[in-house]
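Each remark here refers to the structure printed beneath this line.
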Amino acid sequence: MISSLRGQVQHVGLDHAVVEVGGVGFAVQATPTTLASLRRGEETTLATTLIVREDSLTLFGFADAEARELFGLLQTVSGIGPRIALATLAVLEPDKLRHALAEGNITVLTQVPGIGKKGAERLIIELRDKVGQLPTPTTPAHSQTRDHVVEALLGLGFPAKSAEASVDKVLSDNPDQSTSAVLRRALATLGRK
């Protein structure tokens with residue numbers, strides 16, 4: 001099994017990238033978020049899973065091992081193959097997916113193309129206990145500040161994932177900041193990238 005790739009990005013497409021490792025180009029299926037983080041000509045490392053079928057060998061790539069583990073876990077559910085598992089991770093970030101499963105939130109899970117109400121119920125029943133411990137919930141004020149700042153950054157044109165990561169980092173350093181202070185620090189962090 002190929003569990004990771006490190007090499008130069010040769011091509012980035014809509015649903016895959018080609019990573020050259022030792023003179024061999026590997027086509028890697030990935031989520032749009034993972035693909036957006038790749039730059040042609042730059043070195044990258046991807047956590048991967050190789051799916052073997054009668055007629056194909058397909059390599060799926062992930063930004064981190066956590067997403068790869070969730071990808072494998074999703075496929076243990078009857079009716080969920082690699083394409084739907086990848087679509088799930090494309091629509092829901094790993095933390096949001098874990099929360100939806102742990103809380104039994106069918107509405108969030110049915111946002112994924114290919115997962116209906118019955119499929120969402122099956123996912124919840126089979127995976128609720130397997131998704132691991134959830135982080136401690138944030139305080140309402142902390143959550144409200146986070147939501148306001150992320151919304152402001154989205155309004156300024158920053159990608160959702162970058163905005164959320166920046167705000168989370170700022171709040172983890174000092175959770176008792178005002179909304180304007182969090183916004184200033186998040187903008188400074190995003191400006192350095």
Side-chain angles (χ1 to χ4, degrees), residues 1-5 15-16 28-37 44-54 56-147 149-151 154 159-173 175:
M1 177 171 179
I2 301 172
S3 63
S4 70
L5 286 179
D15 64 348
H16 73 284
V28 182
Q29 303 291 314
T31 64
T33 306
T34 301
L35 293 171
S37 70
T44 190
T45 300
L46 294 173
T48 60
T49 296
L50 179 65
I51 303 293
V52 179
R53 300 279 188 241
E54 277 184 27
S56 70
L57 298 172
T58 308
L59 198 57
F60 292 88
F62 309 94
D64 55 37
E66 177 189 15
R68 178 183 60 198
E69 299 307 319
L70 278 173
F71 177 77
L73 188 62
L74 286 167
Q75 292 179 77
T76 63
V77 176
S78 175
I80 305 292
R83 296 286 176 201
I84 293 179
L86 192 65
T88 303
L89 292 171
V91 173
L92 303 173
E93 292 182 11
D95 286 341
K96 190 171 182 181
L97 175 60
R98 286 180 187 279
H99 278 78
L101 290 169
E103 295 170 0
N105 193 334
I106 291 173
T107 307
V108 170
L109 294 172
T110 55
Q111 292 174 355
V112 178
I115 296 181
K117 184 177 181 198
K118 287 186 179 187
E121 290 170 349
R122 192 169 43 244
L123 279 168
I124 291 166
I125 290 168
E126 293 188 31
L127 299 181
R128 175 178 277 165
D129 297 331
K130 296 180 184 177
V131 293
Q133 297 295 324
L134 294 173
T136 56
T138 58
T139 62
H142 178 107
S143 179
Q144 190 175 23
T145 299
R146 181 189 186 279
D147 293 345
V149 175
V150 168
E151 187 176 328
L154 292 176
K161 186 166 183 143
S162 298
E164 290 172 352
S166 175
V167 172
D168 289 342
K169 179 171 180 0
V170 169
L171 286 171
S172 69
D173 293 343

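We use all heavy atoms of the structure for the numbers below, so side chains are in, but hydrogens, waters and symmetry mates are not.
- Minimum interatomic distance between Phe71 and Leu86 (heavy atoms only, all atoms of both residues): CE1-N, 3.8 Å.
- Considering all non-hydrogen atoms of both residues, Glu103 and Arg128 come closest at C-NH2, 4.0 Å.
- Atom CD1 in Ile124 sits 4.5 Å away from atom CD1 in Ile106 (nearest 0.5 Å).
- Using a 4.0 Å cut-off between a side-chain N of Lys or Arg and a carboxylate O of Asp or Glu, Lys96 and Glu164 do not qualify as a salt bridge.
- Side-chain atoms of Ser166 do not come within 3.5 Å of backbone N or O of Ala163 as any donor-acceptor pair.
- The heavy-atom pair separating Thr110 from Ala120 by the smallest distance is CG2-CB, 3.9 Å.
- Of all heavy-atom pairs between Ala100 and Val108, the closest is CB-CG1, 3.8 Å.
- Residues Arg68 and Ser3 form a side-chain contact, since some pair of their non-hydrogen atoms from C-beta on lies under 4.5 Å apart.
- Residues Gln75 and Ile51 have side chains in contact (heavy-atom distance under 4.5 Å, counting atoms from C-beta outward).
- When side chains are defined from C-beta on, Phe62 counts as touching Leu89, because their heavy atoms get closer than 4.5 Å.
- By the 4.5 Å heavy-atom criterion applied to side chains, Val170 and Val149 are not counted as neighbours.
- For Ser78 against Arg122, the heavy-atom pair with the smallest separation is O-NE, 2.9 Å.
- Annotation: the span from Thr58 atom OG1 to Gln29 atom CD amounts to 6.5 Å, rounded to 0.5 Å.
- The line from OG1 of Thr48 to CG of Leu5 is 4.5 Å long, rounded to the nearest 0.5 Å.
- Rounded to the nearest 0.5 Å, atoms OG1 (Thr31) and CG (Asp15) are 11.0 Å apart.
- Using a 4.5 Å cut-off on side-chain heavy atoms (C-beta onward), Leu109 and Leu92 make contact.
- Few gaps surround CD on Gln111; more than 12 heavy atoms of other groups in view lie less than 6.0 Å from it.
- Taken to the nearest 0.5 Å, the CG atom of Leu97 stands 8.0 Å off from the CG atom of Leu127.
- Nearest approach of Glu126 to Thr76, heavy atoms of both residues: OE1-O, 3.9 Å.
- Side-chain contact between His99 and Asn105: absent, with no pair of heavy atoms (C-beta onward) separated by less than 4.5 Å.
- Under the 4.5 Å side-chain criterion, counting only non-hydrogen atoms from C-beta, Pro113 is in contact with Val91.
- Contact check for Val150 versus Leu154: side-chain heavy atoms found under the 4.5 Å cut-off.
- Rounding to the nearest 0.5 Å gives a distance of 9.0 Å between CG of Leu70 and CG of Asp64.
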